[in-house]
Amino acid sequence: MGQIRTGSWETQRGDEPRPSPRLGEYLRRLREGYGYTLRKVEEKTAALGEPIDNSQLSRFEKGKALPSFEKLRALARIFNVSVQQFSDVLDLEEYEPLKPVDAGYEEALRIGEERFARGEHGGAFAAFERAVELAVGESESATVESAERVAEARWRLAAALKSLGKLAMTERELREVLKVRERIPRRARIRTLLQLSFVYRELDDLYLAELLARESLALATEEEDRAAQASVLNTLGNLHEPSSPDRALAYYERSHALFEELGAAQEEPRLVVRTNLGGCLVKTHRFEEGIAALEQAHRRAREMGFRRVASLSLTRQAEAWLTRGRHDRASRLLDDSDALASMPAGPYHDILFLNAFHRWTAARETQHPTREKIAFGRLRHLRARIERRFPEVDAFDRHVERSRRESR
């Protein structure tokens, strides 16, 4: 998991913390979820040696004051969450101005979907959060329809949170959906299970990720939901690619065939799968075929404005050329990928990390110490901004830990 970003605890003047209504609401929900009174939390924090009296906690929950890092650490222990989650909540404050406060439920979903398709995941989060607020407000009627609307908005909100790298918060939203799984349609259950599989894949719990993916696939097959089947098959390919590229390739090919049948309505996920397919073809010694698939995916993604796919397809092309020792060509592709992944509309820190990792390993292989040092510094900076786990993250973490032990 990424390191805590202490810069999130900004101040108004001197040492006075900036209040955060969003963090306050999050703290209140945590407390009420445990069934604790303000006085109960006061007793527990006192027992930890970091007392927070009930009036002080009330001010935190009302967004009138921001806890210090030490007090947040005590609250994290009481509510069994990481301090990083509090940092993530604060990070989301910046998207508050993007919330379509005058939109109704359907309009908020539409706005969120459009923003998500453009790669504006922060704006999509704000729109989907508005839809959740409206749906939860309606859910007091406890009708099946209201439960469906809450579930629909929550799994979309979870998808946006995942794209922003907020994995713990993503898991929480998905767990909320599954609490009422028998009251929601199978379509929502399928997508919730699939999103939860994504989360565990990125937290490196591959066993649980595959169990959830297969449960989602079984439901999707029963419902004849081909789009969901294709998405699950792509996920299974992701899970198996590091250890068994041949097996992963079979999943990607099945996924791609389904998306091809679905046509333009599923253009972006089809291009994601084509990118994965191209990279896997290279790994299974079908280089020319793989490069052609990656180049085709990139061209189409650029035409359609799918920035993340366009960036990732460049990264995977660079990976392919690095296997051939074509460092100059790979470097140009990584530069182009960085340009797309670092746009202010929403940087893709995982792709930027991948690109920096490839530069770092290439510099080490070609014995360029200056380039190695620059890339390593970039990796340290980016590592603190991602929760995802993938082979390159694990390799970097092992290197850092080994260096730390050797320096003792």
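Each residue takes its place number in the sequence, starting with 1. The shown structure was predicted, so the numbers you read here are calculated from the model rather than taken from an experiment. Any value given below was found using the heavy atoms of this structure, including those in side chains, with hydrogens, waters and symmetry copies removed.
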With sequence neighbours excluded, what pairs up with [X] under the side-chain hydrogen bond (donor to acceptor under 3.5 Å, both in side chains) test?
| X | answer |
| --- | --- |
| Arg73 | none |
| Ser55 | Asp53 |
| Glu107 | Arg110 |
| Arg398 | none |

Contact check, side chains of [X] and [Y], non-hydrogen atoms, under 4.5 Å:
| X | Y | result |
| --- | --- | --- |
| Leu352 | Ser311 | no |
| Glu148 | Glu152 | no |
| Leu92 | Met169 | yes |
| Leu258 | Val273 | no |
| Met304 | Arg299 | no |
| Leu38 | Arg31 | yes |
| Ile291 | Trp321 | yes |
| Arg175 | Leu196 | yes |

His358 side chain to Glu319 side chain, donor-acceptor N/O pair below 3.5 angstrom: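 Result is yes, a qualifying pair exists.
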Check against ring-ring contact (aromatic ring centres under 6.0 Å, His included), His368 and Trp360: CA-CA 9 Å; His368 283 281; Trp360 178 58; over 10 Å; no
Parallel, tilted or perpendicular: rings of [Y] and [X] (30°, 60°):
| X | Y | value |
| --- | --- | --- |
| Phe125 | Tyr95 | perpendicular |
| Phe116 | Phe128 | tilted |
| Tyr34 | Tyr36 | tilted |

side-chain contact (heavy atoms from CB on, under 4.5 Å) between Arg307 and Met343, worked out: CA-CA 9 Å; Arg307 182 166 63 91; Met343 285 185 174; 3.3 Å; yes
With the threshold set at 4.0 Å, does a side-chain nitrogen-carboxylate oxygen contact exist between [X] and [Y]?
| X | Y | answer |
| --- | --- | --- |
| Arg22 | Glu25 | no |
| Glu96 | Arg130 | no |
| Arg186 | Asp225 | no |
| Arg383 | Asp397 | yes |
| Lys71 | Glu50 | yes |

Tell me whether [X] contacts the main-chain N or O of [Y] through its side chain, where contact means a donor paired with an acceptor under 3.5 Å.
| X | Y | value |
| --- | --- | --- |
| Arg385 | His349 | no |
| Ser255 | Leu233 | no |
| Ser331 | His327 | no |
| Ser337 | Leu333 | no |
| Arg115 | Glu120 | no |
| Thr170 | Lys162 | yes |
| Thr284 | Cys280 | yes |
| Arg28 | Glu61 | no |
| Ser313 | Ala297 | no |
| Glu372 | Ala363 | no |

Ring pair (Phe, Tyr, Trp, His ring centres under 6.0 Å) pairs, two or more places apart, involving residues 209-259: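 Non-adjacent pairs meeting ring pair (Phe, Tyr, Trp, His ring centres under 6.0 Å): His240-Tyr251.
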Interatomic distance, [X] atom [atom1] to [Y] atom [atom2] [nearest 0.5 angstrom]:
| X | Y | atom1 | atom2 | answer |
| --- | --- | --- | --- | --- |
| Asn355 | Leu334 | CG | CG | 5.0 Å |
| Asn54 | Arg39 | CG | CZ | 4.0 Å |
| Glu261 | Arg226 | CD | CZ | 5.0 Å |
| Leu23 | Leu75 | CG | CG | 9.0 Å |
| Leu262 | Arg270 | CG | CZ | 10.0 Å |

Minimum heavy-atom distance between [X] and [Y], given as atom pair plus value:
| X | Y | answer |
| --- | --- | --- |
| Val83 | Ala76 | CG2-CB, 3.9 Å |
| Gly104 | Leu134 | C-CD1, 3.5 Å |
| Arg308 | Tyr348 | CA-CE1, 3.4 Å |

ring-ring contact (aromatic ring centres under 6.0 Å, His included) between Tyr200 and Tyr207, intermediate numbers included: CA-CA 9 Å; Tyr200 286 115; Tyr207 176 74; over 10 Å; no
Neighbour count above 12 (heavy atom, 6.0 Å) for Arg286 CZ: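 Counting other residues, nucleotides and ligands, CZ of Arg286 exceeds 12 neighbours.
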Exceeds 12 heavy-atom contacts within 6.0 angstrom, atom CD of Glu303: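 Check passes, neighbour count above 12.
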For Phe60, ring pair (Phe, Tyr, Trp, His ring centres under 6.0 Å) partners two or more places apart: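 In terms of ring pair (Phe, Tyr, Trp, His ring centres under 6.0 Å), with neighbours along the sequence ignored, Phe60 is linked to no residue.
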